[in-house]
Amino acid sequence: MKPFVKWAGGKTRLLKEIERRLPADFDEWKNATYVEPFVGGGSVLFHMLKKYNNITRAVINDINPVLMHAYEQIKDNPSQILTTLMSLRDEYCSISDDKAREYFYYRARKTFNAMRFEDEQKVSFFIFLNHTCFNGLYRENGFGEFNVPHGRYKSPTIFEEDNFWTLHECLQKVEINCGDFGEILRSIGNESTFIYMDPPYRPVSKEITMFTLYDKSGFKDLDQIRLKEICDVFSNQGCKIMLSNSDSYDDNVSFFENLYSNGYNIDRVKVTRMINPYNSKNRNPKEVIITNYPIPNNINEQY
Ligand SMILES: C[S@@+](CC[C@H](N)C(=O)[O-])C[C@H]1O[C@@H](n2cnc3c(N)ncnc32)[C@H](O)[C@@H]1O
């Protein structure tokens with residue numbers, strides 16, 4: 001199962017490492033609830049839903065309204081999205097001339113920006129633009145208009161029909177929210193709840209300037225600290241939590257080791273990123289995976 005959008009910070013390449021660090025008995029939990037407050041493209045969500053039938057309830061959230069509207073529409077209104085998406089794809093892919101394709105893309109982008117949020121076709125345009133724009137980025141200008149340039153891919157896979165229907169089925173047990181992570185987390189929490197948190201990356205170090213990939217407001221250290229406080233509350237309620245972020249340092253002091261020093265487990269893993277969130281030449285930075293439970297003993301076994 002593949003996510004329906006490419007997303008900055010997407011976790012497809014980290015799935016193996018995440019899977020190895022799930023609570024050891026996770027597949028034996030009865031009626032597990034899976035929560036993802038920064039769901040983005042949903043690579044971890046869809047992996048978990050496909051693999052673990054014992055997840056009977058899932059709750060997802062992201063601050064991006066266009067993205068969360070797409071999840072809702074794929075859940076409730078799939079045929080309509082598919083019809084428009086197919087015609088956009090067929091028309092775009094039938095154009096062989098580069099300039100004409102580019103023109104088609106910019107026209108579609110203009111149409112998308114002119115659409116009202118409730119417009120039924122907006123989600124199809126969003127998915128189409130995501131797969132044909134530069135690097136699958138989602139970025140808006142000061143007027144809230146999507147402004148990512150054309151991606152010039154020879155044969156982009158805009159969607160796969162079977163995959164689309166599988167996503168639709170999976171989403172039937174998912175509650176979809178849009179807002180700040182603090183809001184949704186208020187309503188969740190019991191002992192058979194697993195929460196995977198993938199907040200925006202903290203820059204690797206203070207010297208490296210991050211360009212804003214996620215939303216206009218940015219995600220600050222105060223938000224990372226606020227998130228940690230929420231993790232403590234859920235830990236006390238018996239939830240199992242996993243959080244990933246960049247392995248970030250201030251003057252050689254690990255930001256996350258410092259922040260999560262009260263009994264959390266911290267592992268480091270190497271990742272290759274499709275979309276580099278740092279304005280940096282270091283294309284293989286490490287990532288931290290933080291859990292509030294001990295990492296299973298078989299972590300080094302062949303997965
Ligand atoms: C690293 S990405 C998650 C990527 C996701 N795991 C995937 O596989 O595609 C972080 C996400 O957090 C969202 N975000 C940023 N600030 C937020 C906030 N205050 N509350 C909830 N979501 C937020 C962004 O819109 C973005 O989609």
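Throughout, residue positions are numbered sequentially from 1 according to the sequence presented. Atoms within each ligand, like the ligands themselves, are counted from 1 in listed order.
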Rounded to the nearest 0.5 angstrom, the NE2-CD distance for H168 and Q172 is 4.5 Å
The reported gap from CD1 in I158 to CG in L129 (rounded to nearest 0.5 angstrom) is 9.5 Å
Would you say [X] and ligand 1 have an N/O pair spaced under 3.5 Å apart?
X: S43; result: yes
X: D180; result: yes
X: N64; result: no
X: K11; result: yes

Using a 4.0 Å cutoff against the non-hydrogen atoms of [X], which atoms of ligand 1 qualify?
X: N61; value: 21 (C)
X: P37; value: 21 (C), 22 (N)
X: F219; value: 16 (N), 19 (N)
X: G179; value: 20 (N), 21 (C)
X: D198; value: 1 (C), 2 (S), 3 (C), 4 (C), 5 (C), 6 (N), 10 (C)
X: G10; value: 7 (C), 8 (O), 9 (O)

Can you find a pair of side-chain heavy atoms, one from [X] and one from [Y], that are under 4.5 Å apart?
X: L45; Y: Y71; value: yes
X: F194; Y: M242; value: yes
X: S87; Y: Q121; value: no
X: S79; Y: W165; value: yes
X: D250; Y: N258; value: no

Could you establish whether [X] and ligand 1 come within less than 4.0 Å of each other, counting only heavy atoms on the residue side?
X: A8; value: yes
X: G42; value: yes
X: V39; value: yes
X: V44; value: no
X: S244; value: no

Side chain, backbone, both or neither: which applies to [X] and ligand 1 if a contact is any heavy-atom pair less than 4.0 Å apart?
X: F181; answer: both
X: F38; answer: both
X: P199; answer: backbone

Across all chains, not counting sequence neighbours, the salt bridge (charged side-chain N to carboxylate O under 4.0 Å, His left out) partners of D180 are R226
Parallel, tilted or perpendicular: which one describes the rings of F181 and F219, with boundaries at 30° and 60°?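 F181 and F219: tilted rings.
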- request: State which residues pass side-chain hydrogen bond (donor to acceptor under 3.5 Å, both in side chains) with Y153; sequence neighbours excluded, sorted by chain then number.
  value: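 None.
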Nearest heavy-atom contact between G42 and P3 is C-CG, 4.5 Å
